Amino acid sequence: MESLNSADARAFRDEVRTFLSEKLTPELRRGARRGTSVFLHPDVADAWQRILHAQGWAAPDWPVEYGGTGWNEIQRYIWAEEYARAHAPGLSPMGLKMVAPVIMHYGSPEQKATLLPRILSGEDRWCQGYSEPGSGSDLASLKLRAVRDGDDYVLNGSKIWTTHAHFANRMFCLVRTSTEGRPQTGITFLLLEMNTPGITVSPIHTLAGEHEFNQVFFDDVRVPVSGRLGEENDGWTVAKHLLTFERSGRYAPGLAAFLDMVREAAEATGWLSHDGNRERLAREAIAVDALRAIELAGLEGGGPADAVRPSMLKVLGTEASQRIDLLALEIAAGWEGDLEDAPDAIAIAMPKYLNNRAASIYAGSNEIQRDLIARVVVDQAA
């Protein structure tokens, strides 16, 4: 496999750096640096997606036939590193990284032709209708009913913790179409429009005072059967396919970029001069370097770790993020000025810390990921 330090890789890195330095405005950089989660405000994320789409770089991981870049694994990793280092705004993952791959895999020709270009351009913003009151990590217990009525499903119930539902015009949603047999066998995967009559979005404000989450209520909402992805009662299979994309990813580039912001804040406050603090920061830098090594090893593939690598990365990445958040919070405690004038890592320390407490729970809790890893290791050893 091509090296990160090959002549071609260096030339590609230079091309990416030039593009980012020319196209990233100070406002876009500040919007990214002041973001407290992967879900930035649409004013920032959408503006940047339009720029990337014009360049043909909005979806590096997509196949070329659907609008992807055709970059190899090394190029995509270089892109991720330079993207994070430049503090470019993250794009909403709901469309580009989550529902798009399952549309490509399970969608009809009409669904692919209609929906994928709109995701690529940013014309559609998606939210995820999975969790319900009483059905969070135990997704198989969901109860939002969808009853077939001619060419429609009629939905009644609610979804909760629905990120950016107040901005979204579409939702991918798991619904209960049967109560027979195992709970997983009565679930169907639907694509729906958020302006459908009977849908109500109610805000949920976080402890940090941010409006990122919502509860979505469905009252006799009619969704065309043509909006189904995959077969009726087989939505669990579709959802599992989607989760492989939600759990996978590149953690190290983003963590390294935020660690640099934390280091800037530490230097600005004198935090580094206290006993042991320089070493604490260095330990996290080493952990991020180790995570990067695991990610780079995964680019070659084919090894025994492939089966558990997404779970490994999810555990190591989210827990490293939470440890770095704690350092930022500690540094912020020593800041006495106006937060508007504070180093970026200090300004967002508290909301980012609170937001990322959920990172080790969503997309399959880290306890579940460790169980999956153990099961695979035991099976391979048998």
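Note that the coordinates shown come from a computational prediction; the quantities given were computed from them, not determined experimentally. Just so it is clear, the values below take in all heavy atoms, side chains as well, and ignore hydrogens, waters and symmetry mates.
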Assign the ring pair W79 / W57 to parallel, tilted or perpendicular, where the plane angle (0 to 90°) is split at 30° and 60°. perpendicular
Are L120 and F19 in one and the same hydrophobic cluster, where Ile, Leu, Val, Met, Phe, Trp and Tyr link if side-chain heavy atoms are under 4.5 Å apart? yes
Could you tell me if the side chain of Q111 sits less than 4.5 Å from the side chain of Y106, heavy atoms only? no
Passes salt bridge (charged side-chain N to carboxylate O under 4.0 Å, His left out), R85 versus D260? Steps please. CA-CA 9 Å; R85 186 176 290 118; D260 284 342; 5.9 Å; no
Over all heavy atoms of both residues, which pair between L20 and A88 is shortest? Give the atoms and the distance, please. CD2-CB, 4.4 Å
Considering all heavy atoms, the nearest E132-I160 contact: C-CG2, 3.6 Å
Step by step, work out the side-chain hydrogen bond (donor to acceptor under 3.5 Å, both in side chains) result for E319 and S360. CA-CA 7 Å; E319 293 181 2; S360 52; over 6 Å; no
Check R263 against A285 and note the closest heavy-atom contact, atom names and distance. NH2-CB, 4.2 Å
What about the rings of F167 and H41, do their centers lie closer together than 6.0 Å? yes
Side chains of R170 and V99: does their closest heavy-atom pair fall under 4.5 Å? no
R250 side chain reached by Y83 side chain, heavy atoms, under 4.5 Å: no
Let's go through T185 and E180 carefully: what are the C-alpha distance in whole Å and the side-chain angles of both, what is the deciding distance for side-chain contact (heavy atoms from CB on, under 4.5 Å) to 0.1 Å, and is it a yes or a no? CA-CA 8 Å; T185 59; E180 302 295 326; over 6 Å; no
If I compare all heavy atoms of K159 with all of C173, which pair ends up nearest, and what's the gap? CE-SG, 3.8 Å
Can you check whether I51 reaches L24 side chain to side chain, under 4.5 Å on heavy atoms? no
So do the side chains of F172 and M94 get within less than 4.5 Å of each other, counting heavy atoms only? yes
With hydrophobic residues grouped by side-chain heavy-atom distances under 4.5 Å, do L313 and V377 end up in a single group? yes
Count I, L, V, M, F, W, Y as connected when their side-chain heavy atoms are under 4.5 Å apart, and connections chain through other members. Are L142 and W161 then in the same cluster? no
Can you tell if the side chain of N72 reaches within under 4.5 Å of the side chain of L299, non-hydrogen atoms only? no
So for atom CD, which belongs to E336, do other residues, nucleotides or ligands contribute more than 12 heavy atoms lying within a distance under 6.0 Å? no
Interatomic distance, CZ@R176 vs CZ@R145, rounded to 0.5 Å, equals 8.0 Å
What's the shortest heavy-atom distance between S158 and F218, and which atoms? CA-CD1, 4.1 Å
Working to the nearest 0.5 Å, report the span between CZ of R283 and CD1 of I286. 8.5 Å
Are V221 and E193 close enough, and set up right, to give a side-chain contact (heavy atoms from CB on, under 4.5 Å), and what steps lead you there? CA-CA 10 Å; V221 175; E193 297 186 21; over 6 Å; no
So OG1 of T177 and CG of L144: to nearest 0.5 Å the spacing works out to 10.5 Å
Using side-chain heavy atoms (C-beta onward) and a distance below 4.5 Å, is W62 in contact with I119? yes
Derivation and outcome, salt bridge (charged side-chain N to carboxylate O under 4.0 Å, His left out), residues K352 and D344: CA-CA 11 Å; K352 186 173 174 63; D344 292 323; over 6 Å; no
I'd like to know whether R50 forms a salt bridge (charged side-chain N to carboxylate O under 4.0 Å, His left out) with E123, so could you lay out the CA-CA distance, the side-chain angles of the two residues, the decisive distance to 0.1 Å, and finally the verdict. CA-CA 9 Å; R50 287 191 291 270; E123 187 176 354; over 6 Å; no
Pairwise side-chain contact, T188 with D234, heavy-atom cut-off 4.5 Å (strictly under): no
Quick one: closest heavy-atom pair of S178 and N233, and the distance? CB-OD1, 3.6 Å
Would you sort out whether R280 and E330 count as a salt bridge (charged side-chain N to carboxylate O under 4.0 Å, His left out), showing the intermediate values? CA-CA 12 Å; R280 292 169 66 194; E330 184 177 320; 2.9 Å; yes
